[in-house]
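As structure tokens, the structure follows; a few thoughts come after it.
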Amino acid sequence: MNAFTVAKFGGTSVADHAAMSHCASVIEENKTTRLVIVSACSGVTNLLVELSNGVDCPLMQQTIISKIAEIHFDILARLPDAPDVKNQIHAILDQIKTLSISVLDVPSSKITDSLVACGELMSSHIFTHLLNAQAIKARFFDVRQVLKTDANYGKATPNLELISQYAQELLIPLCKEQVVVTQGFMGSDSLGNTTTLGRGGSDYSAALLAEAIQADILEIWTDVPGIYSTDPRIASQAKPISEISFNEASEMANFGAKILHPATLLPAMRRNIPVFVGSSQAPKLGGTWIRHQAQASPLFRALALRCNQTLITLTSLNMLHAYGFLANVFNILAEHKISVDLITTSEVSVSLTLDQTNTCGGAPMLPKEVEKALEKLCRVTVEQDICLVALIGNKMGESRGGAAKIFGALKDYNLRMICYGASNHNLCFLTHTNEAKDVVRALHKELFE
Ligand code: ASP
Ligand code: MG
């Protein structure tokens, strides 16, 4: 085989029969596609998360499970009858029911992971059947055999060595025979328990598998034709980007551009696998290539917006001309596995935002015990209702006049915090939620239109 393409289809791409059929055409068009990773059908993970939060009213619980069943049986109804696939879906639905009940007795992130992973299991069974019905020889593969992780349920860390080993042993031989369809988002720990990589983790799964099978191209198929200079729903003048570097794209993902999961690009970068992002509904519209080096590296590339930020400010008069304060703060955060995102310091205080990729979404909370531990060192203030606006570009520190344009565009807005300098590729602002979209629009107008 010359080239080897891994294609990942997101939730909207596999939302229903019509959407799945578009994905089948994408696979048909590119004969080098050997491994296909699917998300759960659109909306299904949210319903499963609802169940995992504990729905104790039996009627409500049944309503949610029926909704999930309907989404999948609607697709099956449009395909040739396949009793074995139907049985698989019934068995998974039974499991959803059992898990939804057991989570009421003992809420646990372990049960949550087994529950939310059911979405990907169902979509992948059905998509395999759809491919075969369209004469694309395909087989279902349970990714838990290969995608090995630790037991940090809800946000498991992949074990790269094992993934690579099992991919060589189990996956590559199968890919040589036919198209292999497997699940994104989920994996398993050393005991075989189901784990997940965090919400939106299917992109990351696809990249990890592409790395492990040493693919030549990774395609991420979604509902938009590639990456834009900002979210077109916020600024209607947003422009498509045909090619972008790994560095710029990972900054965008980190800072909330919804199109890619933040961790996605790391495996692709490690093996230098070009990544294509496009729309499965409209592949002819083209998309964005993400490569090690893009031909153009403009000063301003894109704007990303991430809401639901939690800003923590730690103030200690003892910090004045002292040493060790930051070390103590970060030791406490590290002990509690709290990941920090933006940070800025003054002589007597430090402000930081909390990282927020976990299975449940929403604004990250500072756990009470961490707050207590920090309060022994300093005064702790927690602010919410804050958004992060990130301007992504190249060599912004070396340009003259760039700053005047940026701050000129922002003259009517309140900036709660500014971070710049650690990376040449981004300049970040925190703003209050009610102004955030206006800030993005104002900057987009000044810098990109
Ligand atoms: N289905 C999972 C989610 O909605 C994973 C993914 O789609 O990437 O978060
Ligand atoms: Mg998704």
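Along the sequence shown, residues are numbered consecutively beginning with 1. Counting starts at 1 for both ligands and their atoms, following the listed order.
- Residue-ligand proximity: Gly10 is placed with every non-hydrogen atom at 4.0 Å or more from ligand 1.
- Residue-ligand proximity, Ser202 to ligand 1, at heavy-atom distances under 4.0 Å covers atoms 5 (C), 6 (C), 7 (O), 8 (O).
- Between Lys8 and ligand 1, not a single N/O pair is under 3.5 Å apart.
- Checking His444 against Glu449 by side-chain atom types alone, a donor-acceptor pair falls below 3.5 Å.
- Using a 4.0 Å cut-off to heavy atoms of Arg199, the atoms of ligand 1 that qualify are 3 (C), 4 (O), 9 (O).
- With hydrogens and angles left out, the side-chain atoms of Thr32 and Asn30 include a donor and acceptor closer than 3.5 Å.
- Those atoms of ligand 1 with a heavy atom of Ser39 less than 4.0 angstrom away are 6 (C), 7 (O), 8 (O).
- Ligand 1 has at least one atom lying under 4.0 Å from a heavy atom of Gly201.
- For the pair Gly198 and ligand 1, the shortest N or O to N or O distance does not fall below 3.5 Å.
- Partners of His125 under the ring-ring contact (aromatic ring centres under 6.0 Å, His included) rule, at least two apart in sequence or in another chain, are Phe140.
- Between Glu248 and His425, the side chains place no donor N or O within less than 3.5 Å of an acceptor N or O (distance only, hydrogens not considered).
- Under 4.0 angstrom from ligand 1, there are no non-hydrogen atoms of His261.
- Using a 4.5 Å cut-off on side-chain heavy atoms (C-beta onward), Thr195 and Met186 make no contact.
- Heavy-atom proximity to Glu120, at under 4.0 Å, picks out these atoms of ligand 1: 1 (N), 2 (C), 5 (C).
- Under the 4.0 Å criterion applied to side-chain N and carboxylate O atoms, Glu383 and Arg416 are assigned as salt-bridge partners.
- A donor-acceptor contact closer than 3.5 angstrom is absent between the side chains of Ser190 and Lys148.
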